[in-house]
Every structure is written in structure tokens, then in C-alpha cells.
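Just below is one structure, and these are the notes that go with it.
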Amino acid sequence: MAPIERLVVRLASFFNGIAMLAVMGMMILTSLDVLLRFFRHPIPGTYEMVGMLGAVFVSFSLARTSVDQGHIAVEFLVQRLPRKVQCIVEAINAGICALLFSVVCRQCIASAGDLKTSGEVSMTLQMPIYHSSTALPSDVPCCPRYSISIPWSGR
């Protein structure tokens with residue numbers, strides 16, 4: 001494995017750990033809210049916090065999913081093709097993924113800038129919401145680098 005691939009795998013594992021913490025936070029927060037509702041003391045802003053943690057979970061789990069090649073693929077068609085054609089199809093797919101990830105990353109950064117400039121906050125807790133838009137761009141750069149290296153590494 002090349003040094004850049006090892007770095008990307010480590011970063012993806014780190015981001016996946018953050019995603020796991022976000023899921024644990026969502027579970028604990030939801031469970032506590034349900035329990036405290038039973039005693040007539042719900043946690044204010046639970047819906048907002050769970051939504052923001054959900055955004056963190058989805059965005060930070062993307063890199064590990066990309067490294068593990070866990071995305072849905074049409075392998076049953078590609079497997080029937082010759083090896084050289086398979087490599088070409090994988091390279092085209094990796095290029096499209098890199099382009100898509102780059103566009104998504106750019107749009108998230110632009111959206112976060114707009115949200116920060118406008119001072120947009122959540123309704124109940126009055127928390128700035130641009131942070132949830134910046135979670136994805138911090139993670140996504142791992143995805144295209146790894147996607148592009150896969151076809152050439154002989155996997």
C-alpha cells in the first residue's frame with residue numbers, strides 16, 4: 001500500500017470514529033429525551049441536536065465507506081467484462097466520483113459561508129448551523145484521492 005493510501009485509510013478511520021461518536025450521541029440523547037419525557041422534563045432542542053449529529057454522522061462516514069468500497073455498484077455487469085475494460089470502467093467511475101465529491105465539497109463550503117454571513121441559527125437552541133455544513137468538506141477530500149488511486153493499484 002502506498003504512503004498516500006495509508007494516510008487516507010488512517011484519516012478515514014479517524015473520521016469514522018467521529019461518525020461513531022455522533023451515532024452514540026444521537027442514541028443517548030434520544031433515549032434520555034424519551035426517558036425524561038416520561039417524567040415531564042424533556043430535553044429542549046433534542047430534535048435540532050439529533051439533526052446536526054445526523055449530518056455529522058453521514059458526512060464523516062463517507063470516507064470510510066469509500067475506502068471500504070461500500071457504495072452500491074453494478075458489479076455483476078462489470079465482472080463479465082475483460083480485466084482491461086474493468087480497469088477502464090473503474091477509472092471512469094473513480095473520475096466521476098472525484099468530480100462529484102469535489103462539487104459537493106465546494107457547494108458545502110459556499111453554503112456554510114452563506115449561513116455564517118447571514119447569522120443563521122437553530123430555532124430552539126440558537127446554535128449556529130453553518131458548522132453542520134462544514135463537516136462534509138473536512139471529510140470529503142479523502143474520498144476522491146482514494147477513489148482515483150484504486151484503479152491504478154491493481155485491486
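For the single chain, residues carry numbers from 1 onward in sequence order. The basis for the numbers below is simple: all heavy atoms, side chains too, and nothing from hydrogens, waters or symmetry mates.
Annotation for V67 and A12: closest pair CG2-CB, 3.7 Å, computed over non-hydrogen atoms. Taking each heavy atom of V58 and S61 in turn, the nearest pair found is O-OG, 3.1 Å. The two residues L115 and S133 make their nearest non-hydrogen contact at CD1-OG, 3.6 Å. Looking at every heavy atom in both residues, M49 comes nearest to L125 through CG-CD1, 3.5 Å. Nearest heavy atom pair, residue R37 against residue P42, reads CG-CB, 3.5 Å.
Distance check, rounded to the nearest 0.5 Å: SG of C87 to CD1 of I92 gives 11.5 Å. In this structure, CZ on F57 lies 13.5 Å from CD1 on I18, to the nearest 0.5 angstrom. A distance of 14.0 Å separates NZ in K116 from CD1 in I129, rounded to the nearest 0.5 Å. A distance of 13.5 Å separates OH in Y47 from CG in L29, rounded to the nearest 0.5 Å. A distance of 8.5 Å separates CD1 of I4 from CG of L11, quoted to the nearest 0.5 Å. Atom SG of residue C105 and atom CG of residue L100 lie 11.0 Å apart, to the nearest 0.5 angstrom.
In terms of hydrophobic clustering, with Ile, Leu, Val, Met, Phe, Trp and Tyr side chains grouped at heavy-atom distances under 4.5 Å, L53 and F60 are assigned to different clusters. Residues I28 and M52 are members of one and the same hydrophobic cluster, defined by side-chain heavy-atom contacts under 4.5 angstrom among Ile, Leu, Val, Met, Phe, Trp and Tyr.
Within 6.0 Å of atom CZ in R80, 12 or fewer heavy atoms from other residues, nucleotides or ligands are found, so the atom counts as exposed in its surroundings.
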Evaluate the side-chain contact (heavy atoms from CB on, under 4.5 Å) criterion for residues F38 and V34: first the C-alpha distance (whole Å), next the side-chain angles of each, then the deciding distance (0.1 Å), finally the verdict. CA-CA 7 Å; F38 180 73; V34 168; over 6 Å; no
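A donor-acceptor pair under 3.5 Å links the side-chain atoms of S122 to the main chain of M127, judged by distance alone. A donor-acceptor distance shorter than 3.5 angstrom exists from the side chain of E48 to the backbone of T124, with no hydrogens or angles considered. Between the Q126 side chain and the V121 main chain, no donor and acceptor come within less than 3.5 Å of each other. Proximity of a side-chain donor or acceptor of S111 to a complementary backbone N or O of Q107 within less than 3.5 Å is not detected. Put simply, the side chain of D33 gets close to the backbone of I43: a donor and an acceptor are under 3.5 Å apart.
For M27, the side-chain contact (heavy atoms from CB on, under 4.5 Å) partners two or more places apart in sequence, or in a different chain, are V23, M24.
Looking only at side-chain heavy atoms (C-beta outward), E120 and P128 stay at 4.5 Å or farther from each other. Using a 4.5 Å heavy-atom cutoff, the side chains of T134 and C108 are not in contact.
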